[in-house]
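Here is the structure we will look at.
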Amino acid sequence: MRLGVHLWRFDAVEPARLRAELAGTAAEAETAGVSWVSVMDHYFQMESAGFPASDPMLEAYTTLGFLAGRTEQAQLGALVTGVTYRQPGLLAKIATTLDVLSGGRATLGLGAAWYEREHLALGVPYPPLAERFERLEETLQICHQMWDPADDGPFEGKHYQLAETLCSPQPLSTPHPEVMVGGGGERKTLRLVAQYADACNLFATTPEGIAHKLDVLKRHCDDVGRDVSQIRVTMMHSGDELHAGDPAAFAESLRPYAALGVETVIVATPPTSGPEWVRSRVAPAVAMLQDI
């Protein structure tokens with residue numbers, strides 16, 4: 001099992017120090033052998049997590065571009081990009097640029113979006129949930145077409161019409177950047193994972209809960225004629241033992257998930273110094289997880 005870190009709070013230091021804070025966190029992640037570094041893709045901080053919307057929030061792909069220049073090994077991505085945030089052709093171009101400039105380390109994480117306030121605040125359309133899922137599926141189709149050098153378009157969908165799907169340069173990742181669909185919705189989300197994605201991202205509940213989600217995913221894969229083992233399974237975890245300074249207990253708690261096929265566990269940064277947290281808490285756990 002591999003360990004990733006998720007950067008989601010940017011209030012530990014003043015804005016003038018954020019550049020150094022992120023650079024230091026990235027450097028420590030590289031030294032520790034962290035396999036994944038992600039950021040949130042939101043305009044505002046999440047009120048649902050108990051924080052004011054006015055808390056600092058950096059734009060995701062600008063931040064990922066900065067991190068690409070500060071790392072050499074970790075996979076980079078947004079966890080996850082709401083389908084409503086950017087036009088799909090532009091999003092494919094952004095992900096391609098990240099992939100090229102990171103040396104082939106980009107993951108495009110996608111979801112149906114949910115944070116209504118930030119949409120309304122910045123004038124971004126927020127259609128009903130059913131339409132957002134339709135747009136998510138079309139966006140997945142468009143990205144795959146943009147990354148097919150033999151198909152420059154057009155694309156004619158219900159919600160999106162592209163006269164051309166030219167994407168030059170093409171990504172460095174082969175056959176294309178990893179596509180991750182986030183969430184565990186059993187009827188729609190996991191069906192989209194089975195049909196279009198290279199990776200899924202689930203929330204750690206219990207081993208039994210994850211086993212159920214993976215069984216649903218397998219059934220969707222069977223329906224579309226796909227081998228479920230082709231899909232990388234990642235999981236967000238609270239990391240309580242890790243935050244408490246007990247990496248051995250953290251690793252031990254993950255054994256049942258590893259047995260189910262969870263390949264990467266991702267822990268969000270606490271409201272403290274990012275570099276120090278990675279150095280003192282995350283680094284000792286990396287090797288322990290490799291052994292389970």
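Both backbone and side-chain heavy atoms feed into the values below; hydrogens, waters and symmetry mates do not. This structure is a prediction, so every number in the text was calculated from the model and none was measured.
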Note to self: Are F250 and H237 an aromatic pair, judged by ring center distance below 6.0 Å?
What the structure shows: yes
Next item on the list: Could you tell me whether the side chain of R226 and the main chain of A194 form a donor-acceptor pair under 3.5 Å?
Entry: yes
Checklist line | Member of L58, L79, L67 meeting the side chain to side chain contact (heavy atoms under 4.5 Å, CB included) criterion with V39 | finding: L67
Check: At their closest point, which heavy atom of V233 faces which heavy atom of G261, and how far apart are they?
Finding: CB-O, 3.7 Å
Checklist line | salt bridge (charged side-chain N to carboxylate O under 4.0 Å, His left out) pairs, two or more places apart, involving residues 55-72 | finding: E59-R86
Note to self: Give me each pair satisfying ring-ring contact (aromatic ring centres under 6.0 Å, His included) with a member in residues 271-292, each pair once, sequence neighbours excluded.
What the structure shows: H243-W277
Item checked: Between R2 and T234: side-chain donor-acceptor atoms closer than 3.5 Å -> no
Notebook entry, point to check: With the threshold set at 4.0 Å, does a side-chain nitrogen-carboxylate oxygen contact exist between E138 and K158?
Noted result: no
Check: Between the side chain of R135 and the main-chain N/O of V83, is any donor-acceptor distance below 3.5 Å?
Finding: no
Next item on the list: Verify the ring-centre separation between H119 and W114: is it less than 6.0 angstrom?
Entry: no
Next item on the list: Using only heavy-atom distances, determine whether the side chains of T107 and Q75 contain a donor-acceptor pair under 3.5 Å.
Entry: yes
Item checked: Donor-acceptor pair, side chain of T269 and main chain of G274, under 3.5 angstrom -> no
Note to self: For Q45, is there any backbone N or O sitting under 3.5 Å from a side-chain donor or acceptor partner on Y115?
What the structure shows: yes
Notebook entry, point to check: Do you see a donor-acceptor pair shorter than 3.5 Å between the side chains of E186 and H212?
Noted result: yes
Margin query: Checking the side chain of D152 only, and the main-chain atoms of E164 only, is there a donor and an acceptor separated by less than 3.5 Å?
Written below: no
Margin query: Does either side chain, that of Y126 or that of E131, offer a donor lying less than 3.5 Å from an acceptor on the other one?
Written below: no
Next item on the list: Mind jotting down which residue pairs meet the ring-ring contact (aromatic ring centres under 6.0 Å, His included) criterion with at least one end in residues 50-72? Sequence neighbours excluded, please.
Entry: W8-F51
